[in-house]
Amino acid sequence: MSNDRATSTPFTKGLGFFVVLGIALLIILGIFVSPADVNQGESVRIMYAHVPGAWLAYLAFVMTAVSSAAYLWKRTRSLTWDRIAGASAEVGVLFMGISLVTGSLWGRLTWGTYWTWDARLTTTAFLFVTYIGYLAVRGLGGTHQQRARRSAVLALLAVLEIPLVHFSVELWNTLHQEASVAGRGTDVEMNGLMLFTLFLGVVVFTLMYIWLVLHRQRSLMLEDMLDDSGLDNALSERRAEATQVGH
Amino acid sequence: MSNAGQQRFTGTTVIGTARLIAAKDLRVELRSRVLLNQVLPFALIVMVMFAFALDSDAVLERVAPGLVWLAAMFSTLIMVSRSFAVETADGALDQLRSAGVPAMGIFIGKMMALMAQLVVLVTLLILTAVVLYRAELSWAGSVLLVTTGLTATCGLAAVGTLYGGLAAGAKGRETLLPLLLLPVVAPVLIGATRATESAFGTRGVSTGQGWPWLGLLAVFAVLFSVSGAVAFGPLLDD
Amino acid sequence: MSNAGQQRFTGTTVIGTARLIAAKDLRVELRSRVLLNQVLPFALIVMVMFAFALDSDAVLERVAPGLVWLAAMFSTLIMVSRSFAVETADGALDQLRSAGVPAMGIFIGKMMALMAQLVVLVTLLILTAVVLYRAELSWAGSVLLVTTGLTATCGLAAVGTLYGGLAAGAKGRETLLPLLLLPVVAPVLIGATRATESAFGTRGVSTGQGWPWLGLLAVFAVLFSVSGAVAFGPLLDD
Amino acid sequence: MSTVSHGHDPATLEPVVDLCDAVAVLGSFPALAGVTMTVQRGEIVLLSGPNGAGKTTLLRLCAGLVALERGRGRVLGVDLANDRELVRHRVGMIGHSNGLYGDLTVTENVRFWGRTVGASESEIDLAVSRMGLDGRLAHLPVSRLSAGQRRRTALAGLVARRAELWLLDEPHAGLDAAGRDELDSVLKMAATAGATVIVASHELERAGKLATRQVEVIAGQVRKVAGL
Amino acid sequence: MSTVSHGHDPATLEPVVDLCDAVAVLGSFPALAGVTMTVQRGEIVLLSGPNGAGKTTLLRLCAGLVALERGRGRVLGVDLANDRELVRHRVGMIGHSNGLYGDLTVTENVRFWGRTVGASESEIDLAVSRMGLDGRLAHLPVSRLSAGQRRRTALAGLVARRAELWLLDEPHAGLDAAGRDELDSVLKMAATAGATVIVASHELERAGKLATRQVEVIAGQVRKVAGL
Ligand code: HEM
Ligand SMILES: Nc1ncnc2c1ncn2[C@@H]1O[C@H](COP(=O)(O)OP(=O)(O)OP(=O)(O)O)[C@@H](O)[C@H]1O
Ligand SMILES: Nc1ncnc2c1ncn2[C@@H]1O[C@H](COP(=O)(O)OP(=O)(O)OP(=O)(O)O)[C@@H](O)[C@H]1O
Ligand SMILES: [Mg+2]
Ligand SMILES: [Mg+2]
């Protein structure tokens, strides 16, 4: 029984090992090996956390939406999907937070300010808060089914904000002549090692995402199971109560 | 009474329900006059207060359209919470649900009633802005303005009703609703502001530049009207 | 039990009641975590949204302190309505009134609980602003900032509790409260903004120029604390 | 009220409520811990039992408002496990709260609830007078009524809905002697016309006179079943 | 509960409630149209009468919650026309709503209401167990209780307040048989210890057994007074 309570399996242990290894490698490559950027100098190294953070947050939120849809579809309805959705959203909020923090640090170094009221930044902040709202709705209480249904609907709506964040740059610039941000988009010239490091960052963040979601999903399941295995006990307790009253 | 058996099911259709609910909401509003006596003054105060906070004429001229929509948005917030407070005060929403009244009808009805009230409000706000800031409206500008007003209002009403229903049953709904609503309506705020700016010709923006923003508003309105109508049932259900 | 007769009246004193009510409110907050999970994100989004609506760096730098207090004000609004929703959900406020619990004690208790939560909120908002706008704080500036924060918070809590109680019994309270509160807190908004500006040194305002504004805030806080404590009884009574 | 025709095939004779070892969970608490019960068409069943026994939950389960966690359950031929939404518009339930709009008058409230199932104007008037609300009260806003008058309004709304299965949670509470008599006669007429009635109540003497059968709920289970 | 000492001078023997032609207006409706009634210390009075007669309003008048529009009224020696606030903390009233905080547990709610009059911890525990709420229920949040359990919690809060005059508006509604017995014994003990109890109720058999006297309210006036 006590083994069931752990959230790790041999697979997640192995995965955890690779994650730690990957982070170490990323730090080495990102900070010591990869070159400084022509325009941005050393500060470009922030990119290796910032960009994977944002992308993985997107992935996490899409995953939340997909599992929510799977939950809502009658044939695949299962609370497992709901827990995956919840776990994924939590990890997504974490990654989005990483991206926000690293982004504003980067902004301090390159633009001279932590925050500016650019469309990308603002929509990112909206996205972040939307998922905090999603988590708040998950925490409202009620039965598991209730929680699952409410939050699934919300997740399907919230995911629509991602294109808004992604295309905000163009949407905004086409109509509004704000100074466009240097280094934004694909016009950055990257050398091979930089590109590889970025790629590594994405891989490492992906592994980290899987690892975190697996753990979180399992611990959510244990919480639910506590309630459900609680159910058998509670049922027999409640039945016993009836016999007491009967006599 | 033999024909009553046939008649009975009219009320259970989506359209019938929507009409019933909208009529009820508007009647409650007519009795309590909350829009006129409370929301409208509130919206005006919001506009004036921000104007004060900015306190420089040059800035103000530029942000006037934004103020209209800011006020509209906050008014939506309080009107939605009022609209659902009426339903939950004595458990009527529960009762509707337990009577098997089609959720889609409830959504459409409440959204229509909210939209009707919002249209009145937004019209008055825009008129105020036109008068206060001596905006000059061309024909093309007026068309854009009216279309923008209707589309944005529709979007606000749809998303407000959807999240209002979600928060209605929850405890702490007073705080949950603004949290859910604000980040989602922000695009409406931006789109409507830009479209209004170009209708007014603020900052030398031409009218033509407003139409793409209207597209954004229309997408938003359609998206939330449809998904609201579909998702309202599952949201209310527990 | 003979000494119980003496003990009994401790709970009916103003201070005893205030402590009881404040403890109860904070316990409800601790259970529901509304401040952390809902109000705080809401306040942040309000800040971001306004900043975005203004959308020009030059303006923004100037109005950053204003954004802090704008967000604080809207948060006060929803926290007050939450605070009284807890009381009216099952008629507890009526019950308090009918139990002859001193209204002054209820006022002070609820105000204290609200203020405690607002202090947490405002602290976080100011820290955010400091980081975002690279405000550099001198010693004198910090002292001014802390004093401003406490005084303004006290004023917001006092006036919020007073009008919250007034609106609590009324129907349409969701819309009445904002209408009542907004115009009254406008001076707090302005005073706190100016004082914060001079603490931050925004627009080259010196720290010294902030203190008179603080005076205004203090007058406001004292005025509404005292009149709230006195008027709360008659207000609740109908 | 007199002619409630449900289009049932009388040959089927399936019980209106048919629960077998039904379990329902609130939060994580098994409010119903295995209920087995059948109710036939035209019966008036009294649910009794101590506070917290699960009477309200049992009524809500029959109304399709609470999920069936385990066991089997059919109401009006609808399977509760899969399509519990489908049963709702055929059931009329009145719970602890009245579901009234304070700004609308008594008649307007009753009309609203009647209209949700397309009741005609005359049916609505009939329902209002059945619960003794005609005259001065009919055009008063509900917010100005006394507790008992409000309860009567809610019951009139229920009457106007002419359901096939009536579920009433402590309907007598708050009603005066005349109101109780009116309610009882309404329920008896409904049962005679082919509806089925389940009443949860603590007023055993009163409800006992009305009911044809008593079912006692204890700790989430049905314990005693007594014919009356 | 056993020793409620009120510091009254027994020599005075003023009635606890003394109304003479009292008129009370709700909105513009004269809910009480001239009530004359006296209640002596230690009595348990049952208020009966049809819906809308004015029972709730009469109780609220005695509690100092409704203004006395005309006539004279004294409660516990306090003049209702001038200082009705002064009577409130000596009166314990329970109305149609319970006044509970859903996020707090049963004990926390009772403690809160007890503390408003400085009740000690042991008195609070006693009140909780008096209404049969000890054990599992005591530490459940009130939002998870059934209707009757919630009513019991509200009554326990009232018991913890040990008032001199108890005003109860349909206190039996929602309580099961055991709860009714518990409540009745609590009320009888309070009356024996020198408190005065007025109960509005439609359950005449039940409340009739408890009360020492019945007062019938009809259309805002006291009609019949019957010793029991
Ligand atoms: C708080 C500040 C910032 C935030 C919230 C932020 C947010 C984001 C987000 C959400 C993305 C993913 C975009 C997508 O693919 O849809 C992204 C990508 C990116 N960001 Fe940032 N960012 C910030 C600051 C910066 C700064 C200062 C720089 C560089 C000067 C920067 C450079 C990039 C680059 C190069 C990408 C990847 C390319 C792209 O898809 O646009 N970011 N950022
Ligand atoms: N949200 C909830 N979470 C957990 N338990 C709950 C919840 N709601 C009710 N319960 C429990 O479920 C049980 C059954 O409640 P129910 O309301 O069905 O009882 P009841 O028989 O109607 O009682 P009463 O006679 O008091 O109305 C109670 O013991 C109650 O404590
Ligand atoms: N706010 C109000 N405005 C006008 N009339 C009101 C208001 N509230 C109550 N009334 C009227 O006052 C009368 C007395 O109400 P009250 O609640 O005292 O009756 P009651 O005897 O307690 O009835 P019940 O047995 O139904 O509880 C009722 O006829 C009611 O219509
Ligand atoms: Mg019940
Ligand atoms: Mg009454």
Side-chain angles (χ1 to χ4, degrees), chain B residues 1-34 82-106 109-110 113 169 171 232-234 236-238, chain D residues 1-7 26 59-60 62-67 78 84-105 108-109 111-123 126 141-143 150 153-154 157-158 160-163 167 169 193:
Chain B
M1 236 184 194
S2 52
N3 61 343
Q6 245 188 335
Q7 211 189 54
R8 288 186 63 176
F9 286 86
T10 56
T12 59
T13 62
V14 169
I15 301 299
T17 306
R19 212 182 301 153
L20 192 65
I21 301 262
K24 185 264 297 165
D25 269 12
L26 291 177
R27 170 165 290 159
V28 168
E29 163 55 30
L30 235 65
R31 294 269 158 82
S32 60
R33 301 264 178 76
V34 161
R82 158 84 183 149
S83 169
F84 281 93
V86 167
E87 298 294 339
T88 50
D90 192 26
L93 193 61
D94 268 4
Q95 196 79 6
L96 281 172
R97 201 166 64 80
S98 76
V101 174
M104 195 181 280
I106 303 179
K110 288 199 83 69
K171 70 182 167 191
F232 206 61
L236 290 191
D237 234 20
D238 32 303
Chain D
M1 282 313 318
S2 45
T3 55
V4 183
S5 91
H6 302 300
L26 303 178
L59 290 180
R60 290 174 63 84
C62 294
L65 294 172
V66 169
V78 174
R84 63 187 164 96
E85 309 77 31
L86 298 186
V87 87
R88 291 191 191 154
H89 71 275
R90 296 167 63 193
V91 171
M93 161 131 189
I94 187 154
H96 291 298
S97 59
N98 292 322
L100 301 175
Y101 297 105
D103 281 324
L104 303 186
T105 67
E108 284 167 347
N109 267 289
R111 186 178 295 131
F112 178 79
W113 290 109
R115 285 271 172 82
T116 58
V117 292
S120 71
E121 204 60 20
S122 66
E123 287 176 288
L126 191 66
V142 165
S143 58
R150 234 170 283 178
T153 310
L158 182 66
R161 295 193 59 240
R162 293 188 318 171
L167 304 170
D169 204 356

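Throughout, protein chains are lettered first and strands after them, A, B, ... in sequence-line order, and every chain is numbered starting at 1.
- Ranked by heavy-atom pairs shorter than 4.5 Å toward chain B, the options D:I94, D:V87, D:N98, D:V142 are led by D:N98.
- Distance CZ/B:R97 to CZ/D:R88: 5.5 Å, rounded to 0.5 Å.
- Looking at heavy atoms from C-beta onward, B:L20 lies in side-chain contact with D:T116 at the 4.5 angstrom threshold.
- With contacts defined as side-chain heavy-atom distances shorter than 4.5 Å, the pair D:H89/B:V101 does not qualify.
- Here CZ of D:R150 is found 7.5 Å from CG of B:D90. Values are rounded to the nearest 0.5 Å.
- Distance CZ/D:R60 to CG/B:D94: 6.0 Å, rounded to 0.5 Å.
- Interface residue B:A99: backbone and side-chain heavy atoms are both found under 4.5 Å from chain D.
- Annotation: maximal heavy-atom pairing with chain D below 4.5 Å, among B:S32, B:G105, B:S98, occurs at B:S98.
- The main-chain N or O of B:R31 is never found under 3.5 Å from a side-chain atom of D:D103 such that the two would form a donor-acceptor pair.
- For D:F112, the parts lying near chain B are the backbone and the side chain together; criterion is any non-hydrogen pair under 4.5 Å.
- Heavy-atom distances place both the backbone and the side chain of D:T105 under 4.5 Å from chain B.
- Closest approach of D:S97 and B:G91 over heavy atoms only: OG-CA, 4.0 Å.
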Please step through side chain to side chain contact (heavy atoms under 4.5 Å, CB included) for the pair D:W113 and B:L96, ending with a clear verdict.
-> CA-CA 9 Å; D:W113 290 109; B:L96 281 172; 3.5 Å; yes

Verdict with reasoning, D:Y101 to B:R27, per side chain to side chain contact (heavy atoms under 4.5 Å, CB included) = CA-CA 11 Å; D:Y101 297 105; B:R27 170 165 290 159; over 6 Å; no

